[in-house]
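Presented below is the structure to which this report refers.
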Amino acid sequence: MSGDELNPAAVAQPVEDVQGDERWMSQHTKFVQECKDAEPDVLFVGDSMVQLMQQYEVWRELFSPLHALNFGIGGDTTCNVLWRLQNGELQNIRPKVVVLWVGTNNHEHTAEQVAGGILAIAKLLISRLSKAKIVVLGLLPRGEHPNPLREKNAAVNEFLRPSLPRLGQAQFLDVSGEFVHSDGTISQQDMFDFLHLTSTGYRTVAKPLSDLLLQILEETPEERRASLV
């Protein structure tokens, strides 16, 4: 995979305030403030797939009890998440696990570049949070019927699958196969607009994710050290 310095998806940058209301920066500022007040065991960071999760019962049921923070912003790309994490969203907190879910909005980048951007974020998290485990969620299929964006997201996942474990502290969780029916379609019962998840869709993601988080959080320090050898 290309070096980060050559990859536009691994260049940190804030969202341009095209609309003029500074909503994106206001959300970032709120997250930075939360870092000063909270002591999360689990940090979720990413785009709207992360952001909207906290609107559903599954968040309160499975993730709030884990002392989780949600740093999701709709529309974010790997570049935007990278910038946010470099500019205060990791200060003063020491989560045991970080859940990263981003990449489906990187429309200007190739699948390989998107995967490289996600890896760049994972590397940053490992460098800043040396004792944390990183869980990267695979990109989900999108669109009611098969389409190029769906193929691109699947390709991103295939790049990540062998690459993330090489980082040592990172692992890959891919539930994308649960959403495409045998005829190639996606149901609105899972994705109300064929991109964003319904309550049912979030439960499909949340159950295996919750099981993995509990497994990580329940490991003893000795088990953690052994798993990194």
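In terms of the ring-ring contact (aromatic ring centres under 6.0 Å, His included) criterion, His109 has no residue partners (sequence neighbours excluded). Residues forming a ring-ring contact (aromatic ring centres under 6.0 Å, His included) with Phe31 (at least two apart in sequence, or on another chain): Phe71. Ile126 is linked by a side chain to side chain contact (heavy atoms under 4.5 Å, CB included) to Ile134, Leu167, Gln169, counting only residues two or more places apart in sequence or in another chain. For Gln33, the side-chain hydrogen bond (donor to acceptor under 3.5 Å, both in side chains) partners at least two apart in sequence or on another chain are Asp37. The side chain to side chain contact (heavy atoms under 4.5 Å, CB included) test applied to Arg94 returns Leu129, not counting sequence neighbours.
Between the side chains of Asn106 and Thr77, not a single donor N or O lies within less than 3.5 Å of an accepting N or O.
Sorted by first and then second residue, the ring pair (Phe, Tyr, Trp, His ring centres under 6.0 Å) pairs involving residues 41-63 (not counting sequence neighbours) are Phe44-Trp59, Phe44-Phe63, Tyr56-Tyr202, Trp59-Phe63. Residue pairs that meet the ring pair (Phe, Tyr, Trp, His ring centres under 6.0 Å) test with at least one member in residues 75-96, sequence neighbours left out, are Trp24-Trp83, His28-Trp83. Legend: salt bridge (Lys or Arg N to Asp or Glu O under 4.0 Å) pairs involving residues 70-86, not counting sequence neighbours, sorted by first then second residue: Asp76-Arg84, Arg84-Glu89. The list of salt bridge (Lys or Arg N to Asp or Glu O under 4.0 Å) pairs with a residue in residues 46-65, not counting sequence neighbours, reads Glu57-Arg60, Glu61-Arg203.
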Sequence neighbours excluded and cut-off under 3.5 Å, please list the side-chain donor-acceptor pairs for residues 138-147, or say none.
from: Arg142; atom 1: NH1; to: Thr104; atom 2: O; distance (Å): 3.0
from: Arg142; atom 1: NH1; to: Thr104; atom 2: OG1; distance (Å): 2.9
from: Asn147; atom 1: OD1; to: Leu149; atom 2: N; distance (Å): 3.0
from: Asn147; atom 1: OD1; to: Arg150; atom 2: N; distance (Å): 3.0
from: Asn147; atom 1: ND2; to: Arg142; atom 2: O; distance (Å): 2.8
from: Asn147; atom 1: ND2; to: His145; atom 2: O; distance (Å): 2.8

Hey, can you pull the donor-acceptor pairs under 3.5 Å for the side chains in residues 9-21, sequence neighbours left out?
from: Asp17; atom 1: OD1; to: Gly20; atom 2: N; distance (Å): 3.2
from: Asp17; atom 1: OD1; to: Asp21; atom 2: N; distance (Å): 3.4
from: Asp17; atom 1: OD1; to: Glu22; atom 2: N; distance (Å): 3.2
from: Asp17; atom 1: OD2; to: Glu22; atom 2: N; distance (Å): 3.1
from: Gln19; atom 1: OE1; to: Arg23; atom 2: NH2; distance (Å): 3.3
from: Asp21; atom 1: OD1; to: Arg23; atom 2: N; distance (Å): 3.2
from: Asp21; atom 1: OD2; to: Arg23; atom 2: NE; distance (Å): 3.0

Residues 186-194 side chain polar contacts: donor-acceptor under 3.5 Å, at least two apart:
from: Ser187; atom 1: OG; to: Gln189; atom 2: N; distance (Å): 3.0
from: Gln188; atom 1: NE2; to: Phe192; atom 2: O; distance (Å): 3.0
from: Asp193; atom 1: OD1; to: Leu195; atom 2: N; distance (Å): 3.0
from: Asp193; atom 1: OD1; to: His196; atom 2: N; distance (Å): 2.6
from: Asp193; atom 1: OD2; to: His196; atom 2: ND1; distance (Å): 2.7

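Among Leu100, Val98, Asp174, the single residue meeting the side chain to side chain contact (heavy atoms under 4.5 Å, CB included) criterion with Val136 is Leu100.
Val32 and Leu125 fall into different hydrophobic clusters, where Ile, Leu, Val, Met, Phe, Trp and Tyr are joined by side-chain heavy atoms under 4.5 Å apart, directly or via other members. Hydrophobic clustering places Met49 together with Val180 (ILVMFWY residues linked when any side-chain heavy atoms are closer than 4.5 Å, directly or through intermediates).
Taking each heavy atom of Asn7 and Gly117 in turn, the nearest pair found is ND2-N, 3.5 Å. In this structure, Gln54 and Asn70 approach most closely via the heavy-atom pair OE1-CB, 3.5 Å. For Leu137 against Phe172, the heavy-atom pair with the smallest separation is C-CE1, 4.1 Å. What you find for Gly201 and Phe179 is that their closest heavy atoms are O-CZ, 3.6 Å. The shortest heavy-atom contact between Pro165 and Leu160 is CD-O, 4.1 Å. Heavy-atom minimum distance, Lys30 versus Glu34: NZ-OE2, 2.7 Å.
Atoms NZ and CG, on Lys152 and Asn157 in that order, are 12.5 Å from each other to the nearest 0.5 Å. For the atom pair CG (Leu66) and CG (Leu43), the distance works out to 13.0 Å, reported to the nearest 0.5 Å. The CE atom of Met25 sits 9.0 Å away from the CD1 atom of Ile73 when rounded to the nearest 0.5 Å. Between the NZ atom of Lys96 and the CG atom of Asp41 there is a distance of 4.5 Å, given to the nearest 0.5 Å. Taken from SG in Cys35 to CD1 in Ile93, the straight-line distance is 4.0 Å, to the nearest 0.5 Å. Separating the CD atom in Glu158 from the CD atom in Glu112 is a distance of 13.5 Å, to the nearest 0.5 Å.
In terms of modelled atom types and a separation under 3.5 Å, the side chain of Ser127 and the main chain of Leu124 share a donor-acceptor contact. No donor-acceptor pair under 3.5 Å is formed between the side chain of Ser48 and the backbone N or O of Gln51.
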Criterion side-chain contact (heavy atoms from CB on, under 4.5 Å) on Lys207 and Val175, from CA distance to verdict: CA-CA 10 Å; Lys207 182 58 170 69; Val175 297; over 6 Å; no
Stepwise, does the side-chain contact (heavy atoms from CB on, under 4.5 Å) test hold for Val205 with Trp101? CA-CA 11 Å; Val205 175; Trp101 204 6; 4.1 Å; yes
Verify side-chain contact (heavy atoms from CB on, under 4.5 Å) between Leu209 and Val135, making sure each step is shown before the conclusion. CA-CA 9 Å; Leu209 176 58; Val135 175; 4.1 Å; yes
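Asn153 places none of its side-chain heavy atoms less than 4.5 Å from the side chain of Val114. Side-chain contact between Val99 and Val45 is absent, with no heavy atoms from C-beta onward closer than 4.5 Å. The closest side-chain heavy-atom distance from Ile118 to Val156 is below 4.5 Å. Leu217 is listed as a side-chain neighbour of Val97, based on a closest heavy-atom distance under 4.5 Å.
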